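Everything below concerns the one structure shown next.
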Amino acid sequence: MSDRLFFLLAVLAYGLSTVHAVLLWRKGFRRDDFVNYLLLLLGFTAHTVAVFQRGYLYNQCPVYNIYEATTFFTWFSVLAILVIGLWPRFRFLGAFAAPLLFAVGVFALMPWLDPPHGPKPEYSGGLRSLHAAVTLLAYGAFGLSCAAALMLVTQESNLKRHRLNALLSLLPPIARLEIAVRQLLFTGLVLLTVGLGSGLLYLAQNRASYPVGPDVKVIWSVLVWGGYLFLQFAHWRGWVRGRRLALAVIAAFGFVLLTFWGTNLLSPLHNPPPPPPAQS
Amino acid sequence: MSVVVIGLSHRTSPVEVREKFAFAEAEIPAAVTELRQRGLAEEAVILSTCNRVELYLATPQPPEQAFPALQHFLVTHHAYPDPVHDHLYQLAEPQSVEHLFKVACGLDSMVLGETEILGQLKQAYNLALQHKLTGARLNKAFQRAFHVAKHVRTTTNIQRGSISVASVAVELAERIFDTLAGHPVMIIGAGDTSEKTARALQSRGADRLVVTNRTREKAEALARELGGQAIGFDEWESEFARIDIAISSTSAPGYVIERTRLEALMKVRRHRPLLLIDIAVPRDVDPAVNGLDNVYLYNVDDLQGIANEYLQQRREEVARCETIIREKVRGLLAERRPAA
């Protein structure tokens, strides 16, 4: 079986998890959280095989094209969800993240996002690999922060509207969720800083190979980094807390999801022209 | 020999009658000895609580003969002068065992699903065991009752949720703050319900209490009792930056906490979450404050509403519990029958 087929199985499992998450939501997240966890675990198993098969094929971290980058960062996200989910109160994180995983997974499966490439990856060199891997891990952390923020908004709404579900649901307390959102946000920000820093360093070392001038992806990345930095600062200063922080985190990640691949495709830096054919 | 029950409870008689039939712990062994001497029981466990007095007996007599004699015993033992027919209930197998299981599960309690009765039942059984008042019949029945109670507790929602205003408030606080330790509580107005709520919060880890009242002496008295700190009524606003939970129960005719006032205080608090429990009638807290970010306001109706919903859920679980109990009773009685 090919790695893409394994990834398809993983996406199907995330789809089932999404359907189950809707049922859980309708029941007020009161029970059966373990079923959703198992579905994600099932998907993760297939996902792991897909990532490792592709990785062993090129003998490197598989982040050569958009398909590989997506499978890698979602794989990391599911791993983090499963680890965090070992704590029963946070087991529903998976139910909140499943729709995102499913949507991103379906998108990644589009055939044109996985063009064939030669046996030797063009992404070589430590800094370039570090840039790609760490940046994608950062977006994974922001995705998890978004899932925790969705949990916070749900629980906050239940409490504000005096619904019994606020007490019956197995979601963590507001304060604990806010800490989770903040910590995941911070982790994402640190990773993104390292990712962007290593990218800039790589660019400085290989200036001659890339087009000169402003690049849409670089501008976008700096904007995203600045936005997340501002969010972190605003929370630290007490300007945005609780629901506002959660909504800002959801909006920020929504923006990332909607614009990441578009800016990637428009970026000359991330789509360098093919090298001229060698003269015989 | 079969297991029978005779007794009275909050369902059949008022406290004035129940108290007349109560057994002190010290007199139970003598009472059972008397039952044995009269040939009414070979084994006995007497459960005497504020809500029920029940005799669980393994009697060698047919139940229809045993019951009048047992009734006579109860009346003469307590020298009760009035007719007791309306107050006493008497159950033979299988209803007697079913009743025992229901009592153990809290299904027959005044507060449906409460667990205190299980402890009292265990205490009564242990006392009987110590004095060698039980035998094979009652030992098996009681041990099975404790097992069934545990099973019902874990497989149904009969004990889930808080059904008092104070415990709902605690549960809400835990849904906002995770742990109550390190989250100071302010009591505005030294009322009875606010004291109960404060005690419930303390029992779950709240370690700092501030009490304020228009009458300083009352605040000091309550603060002393709760191990908290009393402050003047004009100082509560300045304390607000430090506290995370406020319980208000003053007799003020208007709002003590208004939206505009609290909005300014929330900035000082850097928008940390704040739980406001308003148990005053007329209300102390402007309902509009619930619209502020990170402020969670619950008044007495909200709390009572949640408690009632919990109670309703417990009631809905009764049928499930009874099915389990009937099945377990059948199992117990089948074990006794000799194999064909």
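Everything quoted here is computed from the prediction, not taken from an experiment. Naming convention: chains lettered A, B, ... in sequence-line order (proteins, then strands); numbering from 1 in each chain.
How far CG of B/Leu172 is from CG of A/Leu167: 5.0 Å, rounded to the nearest 0.5 Å.
Annotation: B/Glu258, atom CD; neighbour count of heavy atoms from other residues, nucleotides and ligands within 6.0 Å is above 12. By the neighbour-count criterion of 12 heavy atoms within 6.0 Å, atom CH2 of A/Trp87 is densely surrounded, having more than that number from other residues, nucleotides or ligands. The number of heavy atoms from other shown groups lying within 6.0 Å of CZ (A/Phe186) does not exceed 12. For B/Arg204, the CZ atom sits in a loose shell: 12 or fewer heavy atoms of surrounding residues, nucleotides or ligands are nearer than 6.0 Å.
The candidate with the highest count of non-hydrogen atom pairs below 4.5 Å against chain B, out of A/Ala175, A/Pro173, A/Pro172, is A/Pro173.
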Subject >> Working for side chain to side chain contact (heavy atoms under 4.5 Å, CB included), residues A/Leu164 and B/Gln313 >> reply: CA-CA 11 Å; A/Leu164 187 62; B/Gln313 283 204 345; 3.9 Å; yes
**OP:** Kindly determine whether A/Ile174 and B/Phe177 satisfy side chain to side chain contact (heavy atoms under 4.5 Å, CB included), including the steps that lead there.
**Re:** CA-CA 7 Å; A/Ile174 294 281; B/Phe177 302 110; over 6 Å; no
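Below 4.5 Å, heavy atoms of chain B meet heavy atoms from A/Gln155, A/Glu156, all part of residues 144-157 of chain A. Using a 4.5 Å cut-off between non-hydrogen atoms, the part of residues 239-255 of chain A that approaches chain B consists of A/Arg241, A/Gly242, A/Arg243, A/Arg244. Among residues 294-305 of chain B, the residues having any heavy atom closer than 4.5 Å to a heavy atom of chain A are, in sequence order, B/Asn294, B/Val295, B/Tyr296, B/Leu297, B/Tyr298, B/Asp302.
No part of A/Leu177 comes within reach of chain B, as not one of its non-hydrogen atoms sits under 4.5 angstrom from that chain. Of the atoms belonging to B/Leu292, it is backbone heavy atoms, and not side-chain ones, that fall under 4.5 Å from chain A.
For the pair B/Asn290 and A/Lys160, the minimum side-chain heavy-atom distance is below 4.5 Å.
In this view, B/Ser251 satisfies the side chain to side chain donor-acceptor pair (under 3.5 Å) rule with no residue, not counting sequence neighbours.
In terms of heavy-atom proximity, A/Ala166 sits nearest to B/Arg175 at O-NH1, 3.2 Å.
Side chain of B/Arg272 to main chain of A/Gly238: no donor-acceptor pair is present (N/O by atom type, distance under 3.5 Å, no hydrogens or angles).
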